[in-house]
Amino acid sequence: MIFDSHVHTEFSTDSQLKIESALEAAKKLKLGIISTDHIDLNYPEKGKFIFDIDNYFNKYYKYRGDNYLIGVEIGMTEEYSDENRKINENYDFDYVIGSIHFVDGIDIYEKIYYKGKEKSSTYRRYFQAMINCIKTHEYVDSLAHIDYICRYATYEDSEIYYNEYAELIDEVLKFIIDKGIALEINSRRLDKAYIIKNLIPIYKRYREMGGNFVTIGSDAHYDKNIGMNIKEAFSIAEECNLRTVYYKNRKPEYM
Ligand SMILES: [Zn+2]
Ligand SMILES: [Zn+2]
């Protein structure tokens, strides 16, 4: 079974997708999905980007099986690393992804974050935050969207060029390889050839340093985006000689 391992449903503050619609959309595409609803404990507005995990399991557990698994996307922050660790320990997730959504307490989705900041130092700070956070969230199964900042940064050219941040990216990659954490190929941005071209050196370097596993996720928040650009993600994995996996019971399964 091929799994889209990064799908948001209505337990995420920014999605209204019903699990039943997600499962139906996935079935049409002959895909399995893992729901990975958002927990960002440092989100500044109270009650947002957090959800009742018991209720999530109560509602979704009946669907768990060959085509559906239960996951979570934890927004990694140093301040909440103990709380995040408890969430990881207290629930029986199939799959936990770790993400950087905030840098220095600011949501990097916000355009204001980039105002007056020069690209190189902003991106260096982003990778430094990733290093600091992954080190306190070493239990995650996969590191999500390493190129997340490229979605929202307001620079004329917001792409990451591996060579410009090589030593920082290497530090991230070395840590995840040592801990057996997979690297996600987030397919959301893979509709453009130049984006794929710029991402490939990062995945090649991961392989070169001893990395083996990649997960693939569309980061869909709507049913129409499930499985989006998944073929492109597979071709990156193939080109970089990486094994595509999904996680069940916190263990990698080959796709
Ligand atoms: Zn994310
Ligand atoms: Zn996500």
Side-chain angles (χ1 to χ4, degrees), residues 5-17 35-53 56 71-88 96-137 140 142-160 165 168-169 171-172 176 181 183-190 195 199 202 215 217-222 225 228:
S5 297
H6 192 155
V7 173
H8 293 277
T9 71
E10 62 180 334
F11 280 88
S12 294
T13 298
D14 57 357
S15 173
Q16 292 171 2
L17 179 57
S35 62
T36 51
D37 282 296
H38 279 295
I39 292 186
D40 286 276
L41 295 179
N42 59 337
Y43 197 80
E45 269 178 78
K46 238 186 152 199
K48 290 202 166 174
F49 289 92
I50 187 164
F51 62 88
D52 181 342
I53 305 170
Y56 181 59
V72 68
E73 177 174 12
I74 292 182
M76 301 185 293
T77 67
E78 287 180 273
E79 315 91 276
Y80 287 94
S81 62
D82 291 344
E83 289 83 351
N84 284 339
R85 185 176 296 275
K86 274 187 203 125
I87 289 170
N88 173 69
V96 176
I97 45 184
S99 299
I100 290 292
H101 297 137
F102 282 77
V103 176
D104 298 321
I106 303 171
D107 191 341
I108 60 173
Y109 166 91
E110 303 289 348
K111 297 218 177 326
I112 189 94
Y113 177 72
Y114 305 94
K115 215 177 166 202
K117 289 196 183 85
E118 177 255 333
K119 181 183 172 187
S120 156
S121 56
T122 305
Y123 279 42
R124 293 183 71 80
R125 184 68 206 116
Y126 166 72
F127 283 116
Q128 194 58 59
M130 198 181 288
I131 292 165
N132 297 344
C133 288
I134 194 71
K135 286 184 176 170
T136 52
H137 295 75
V140 301
S142 187
L143 175 65
H145 48 52
I146 195 162
D147 59 331
Y148 181 75
I149 197 166
C150 307
R151 291 187 195 172
Y152 307 112
T154 53
Y155 305 108
E156 202 177 321
D157 177 356
S158 295
E159 290 307 299
I160 292 165
Y165 311 99
L168 292 166
I169 294 174
E171 199 175 338
V172 172
I176 67 170
I181 299 169
L183 184 61
E184 182 187 70
I185 303 177
N186 193 287
S187 63
R188 184 192 285 207
R189 300 173 66 245
L190 303 182
I195 293 178
L199 285 172
I202 298 175
T215 56
S218 65
D219 218 343
H221 288 63
Y222 302 93
N225 293 338
M228 193 170 70

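Every value quoted in this text rests on a predicted model; they were computed, and no experiment measured them.
- Shown here for I131 and L168, the closest heavy-atom pair between the two residues is CD1-O, 3.7 Å.
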For a side chain to side chain contact (heavy atoms under 4.5 Å, CB included) check, start with the C-alpha distance between I146 and M130, then their side-chain angles and the critical distance, and finish with the verdict.
CA-CA 9 Å; I146 195 162; M130 198 181 288; 3.9 Å; yes

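- When each of Y109, Y152, Y148 is tested with H101 by the rule ring-ring contact (aromatic ring centres under 6.0 Å, His included), just one qualifies, namely Y148.
- Side-chain contact check for D219 versus N225: every heavy-atom pair is 4.5 Å or farther apart.
- In this structure, OG1 in T77 is found 12.0 Å from CG in D104, a value given to the nearest 0.5 Å.
- Shortest non-hydrogen contact noted between S218 and R188 is O-CB, 3.7 Å.
- The structure places OG of S120 at 9.5 Å from OH of Y155, a figure rounded to the nearest 0.5 Å.
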Show your reasoning for whether side-chain hydrogen bond (donor to acceptor under 3.5 Å, both in side chains) applies to E78 and T136.
CA-CA 7 Å; E78 287 180 273; T136 52; 5.8 Å; no

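- Contact of the N186 side chain with the R151 side chain is registered, since non-hydrogen atoms from C-beta on lie closer than 4.5 Å.
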Under the side chain to side chain contact (heavy atoms under 4.5 Å, CB included) criterion, do E79 and L41 qualify, and how do the steps go?
CA-CA 9 Å; E79 315 91 276; L41 295 179; over 6 Å; no

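- For the 3.5 Å distance criterion, the side chains of Y114 and S158 fail to qualify, holding no donor opposite an acceptor.
- How far CD1 of I185 is from CG of L199: 9.0 Å, rounded to the nearest 0.5 Å.
- A129 and I100 get closest at one heavy-atom pair: O-CD1, 3.8 Å.
- The nearest pair of heavy atoms linking D37 to V72 is O-CG2, 3.4 Å.
- No side-chain heavy atom of S35 sits less than 4.5 Å from a side-chain heavy atom of H8.
- Between D157 and K119 the shortest side-chain heavy-atom distance falls below 4.5 Å.
- Aromatic ring pairs are classed by plane angle as parallel below 30°, tilted from 30° to 60° and perpendicular above 60°; the pair H6 and H145 is tilted.
- Between M76 and I134, the shortest heavy-atom distance links the atoms SD-CD1, 4.0 Å.
- Within 6.0 Å of the CD atom in E110, the count of heavy atoms belonging to other residues, nucleotides or ligands exceeds 12.
- Counting non-hydrogen atoms of other residues, nucleotides and ligands closer than 6.0 Å to OH of Y80 gives a total of 12 or fewer.
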With side chain to side chain contact (heavy atoms under 4.5 Å, CB included) as the criterion, how do I149 and T122 come out once you've worked through the C-alpha distance, each side chain's angles and the decisive distance to 0.1 Å?
CA-CA 10 Å; I149 197 166; T122 305; 4.3 Å; yes

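- K86 NZ: 12 or fewer foreign heavy atoms inside a 6.0 Å radius.
- In this structure, a donor-acceptor pair under 3.5 Å is absent between the side chains of S142 and E184.
- From R85, atom CZ reaches atom CD1 of I74 across 10.0 Å, with rounding to the nearest 0.5 Å.
- Between F102 and Y43, the ring-plane angle classifies as perpendicular under the 30° and 60° cut-offs.
- Below 30°, between 30° and 60°, or above 60°: for F127 and Y165 the angle between ring planes is between 30° and 60°, a tilted geometry.
- With hydrogens and angles disregarded, a donor-acceptor distance shorter than 3.5 Å links the side chain of T36 to the backbone of V7.
- Going from atom CD1 of I97 over to atom NE2 of H38 covers 8.5 Å, rounded to the nearest 0.5 Å.
- A side-chain N or O of D14 and one of H221 form a donor-acceptor pair less than 3.5 Å apart.
- No side-chain donor-acceptor contact under 3.5 Å links D40 to the backbone of N42.
- Considering CD1 of I39 and CZ of F51, their distance stands at 4.0 Å, rounded to 0.5 Å.
- Residues A153 and Y123 approach most closely at CB-OH, 3.2 Å, considering heavy atoms.
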